[in-house]
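Here's the structure we're looking at; comments come further down.
Note that ligands are numbered from 1 as they come in the structure, with each ligand's atoms numbered from 1 the same way. Positions are given from 1, in the same order as the sequence printed here.
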Amino acid sequence: MACRRWPEPRTGWRRCLRGAGAAALVLLAACTPGQRGSDPPLGATGALAAHGLPELRNPLAHDPAAIAAGAKLYAQHACVTCHGRQLTGAMCPSLVNDAWVYGADDTTLFFLLRDGSVRLRARGVPRGGHDGQGGDMPGFGHLFDDAELWQLLSYIRSRHAAGD
Ligand code: HEC
């Protein structure tokens, strides 16, 4: 599959960072104390255990209702601003190519989505690949519950599988 990474590498990132600033403001405004984005449970097993992350599997994978719900959430939130309506990464990384900054497994993507890229790296998960330079991904654990995060990932996977 052809990878469409950075149509305009330089300006693309500048726009991405501007988007990050705007989203940070929104997130700051929406931030509530005692949020869901707390640490994952202890007793982790599996490959990511070294980073203190329990290995997770999307319980809603391939579920048509979850994919539809995820599509709606994606379209209604800032994901669109940074990753583009078609998920092809207008300003930030594409979500439908084969390049993944931290990994393509459910665990990594769940915690990236929930906690953001800064916290993921703080846990020791390395930023890899050529997609991984530039801006950071905000966490969305304060906006979405676990089921909604899985719905978003079901949607992203469905689009990736469709070869968009
Ligand atoms: C402010 C811009 C911004 C917003 C808003 C945003 N992201 Fe991201 N996202 C990024 C950046 C930047 C990265 C890459 C992070 C890095 O390189 O450390 C990323 C990475 C990702 C990845 C991993 C992609 C890869 O190629 O490895 C997924 C999946 C993702 N975002 C999904 C989402 C979803 C779903 C939403 C909405 C709930 C969202 N993002 C909102 C900027 C954003």
Side-chain angles (χ1 to χ4, degrees), residues 1-31 35-37 48 51 53 56 58 60-61 66-164:
M1 184 181 109
C3 292
R4 190 180 149 201
R5 287 200 189 98
W6 304 113
E8 333 153 23
R10 301 185 70 99
T11 53
W13 269 118
R14 265 202 292 279
R15 282 155 59 207
C16 180
L17 291 170
R18 260 210 306 278
L25 281 180
V26 171
L27 291 175
L28 210 62
C31 213
Q35 48 196 247
R36 300 181 185 107
L48 287 164
H51 306 301
L53 301 177
L56 303 178
N58 187 349
L60 304 175
I67 291 170
K72 212 166 160 187
L73 289 175
Y74 183 93
Q76 287 170 345
H77 290 86
C79 325
V80 171
T81 320
C82 290
H83 295 288
R85 196 155 292 282
Q86 303 303 318
L87 289 73
T88 45
M91 298 195 283
C92 293
S94 167
L95 306 181
V96 291
N97 67 9
D98 288 326
W100 299 93
V101 181
Y102 298 96
D105 59 287
D106 284 352
T107 304
T108 301
L109 293 179
F110 178 87
F111 286 111
L112 172 62
L113 208 51
R114 194 190 77 170
D115 300 338
S117 52
V118 171
R119 269 192 80 187
L120 203 64
R121 285 200 305 281
R123 290 174 180 281
V125 180
R127 189 185 230 164
H130 20 265
D131 253 9
Q133 31 203 303
D136 272 304
M137 157 92 179
F140 286 88
H142 63 295
L143 275 187
F144 302 126
D145 62 24
D146 287 4
E148 291 170 322
L149 294 171
W150 288 127
Q151 287 167 356
L152 281 162
L153 289 178
S154 295
Y155 171 58
I156 291 168
R157 295 248 192 248
S158 76
R159 294 298 304 274
H160 184 268
D164 283 326

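Ligand 1 has at least one atom lying under 4.0 Å from a heavy atom of His83. In this structure, Tyr155 falls outside the shell of residues with a heavy atom less than 4.0 angstrom from ligand 1. For Leu113, the closest heavy-atom approach to ligand 1 falls below 4.0 Å.
Under a 4.0 Å criterion applied to the non-hydrogen atoms of Ser94, ligand 1 contributes the atoms 26 (O). Listed by number with element, the atoms of ligand 1 under 4.0 Å from a non-hydrogen atom of Pro93 are 11 (C), 13 (C), 14 (C), 26 (O). Within ligand 1, the atoms closer than 4.0 Å to a non-hydrogen atom of Ser117 are 18 (O), numbered from 1 in the order shown. Of all atoms in ligand 1, listed by their number and element, those nearer than 4.0 Å to a heavy atom of Tyr102 are 16 (C), 18 (O).
By the 3.5 Å distance cut-off applied to N or O atoms, Arg127 is counted among the residues near ligand 1. Below 3.5 Å of separation, one finds no N or O of His77 facing any N or O of ligand 1. Taking any N or O of Ile156, backbone or side chain, none lies under 3.5 Å from an N or O belonging to ligand 1. On a distance-only criterion, Met137 and ligand 1 share no N/O pair closer than 3.5 Å.
Here the straight-line distance linking atom CG of Leu56 with atom OG1 of Thr108 works out to 9.5 Å at 0.5 Å rounding. Note that the CG atom of Leu120 and the CE atom of Met137 stand 10.0 Å from one another [nearest 0.5 Å]. How far CG of Leu95 is from CD1 of Ile156: 5.0 Å, rounded to the nearest 0.5 Å. Atom CD1 of residue Ile67 and atom OH of residue Tyr74 lie 15.5 Å apart, to the nearest 0.5 angstrom. In this structure, CZ on Phe111 lies 9.5 Å from CZ on Arg119, to the nearest 0.5 angstrom. Gln151 CD to Asp145 CG: the interatomic distance, rounded to the nearest 0.5 Å, is 7.5 Å.
Considering only non-hydrogen atoms, atom 29 (C) of ligand 1 lies nearest to Leu95 out of Leu120, Leu95, Val125. The heavy atom nearest to atom 25 (C) of ligand 1, out of those in Tyr74, Phe144, Trp100, is found in Trp100. Taking only non-hydrogen atoms, the option from Cys79, Gly89, Gly139, Gly135 nearest to atom 36 (C) of ligand 1 is Cys79.
Contacts with ligand 1 closer than 4.0 Å are made by heavy atoms of both the backbone and the side chain of Ala78. Of all the heavy atoms of Leu112, the ones lying under 4.0 Å from any atom of ligand 1 belong exclusively to the side chain. Contacts between Leu143 and ligand 1, counted as non-hydrogen atom pairs separated by less than 4.0 Å, are absent for every part of the residue. Under 4.0 angstrom from ligand 1, there are no non-hydrogen atoms of Ala104.
The two residues Asn58 and Ser154 make their nearest non-hydrogen contact at ND2-OG, 3.0 Å.
Side-chain contact between Tyr155 and Lys72 is absent, with no heavy atoms from C-beta onward closer than 4.5 Å. Residues Asp105 and Trp100 have side chains not in contact (no heavy-atom distance under 4.5 Å, counting atoms from C-beta outward).
Taking the six-membered ring wherever Trp is involved, the centroid distance between the rings of His77 and Phe140 does not fall below 6.0 Å.
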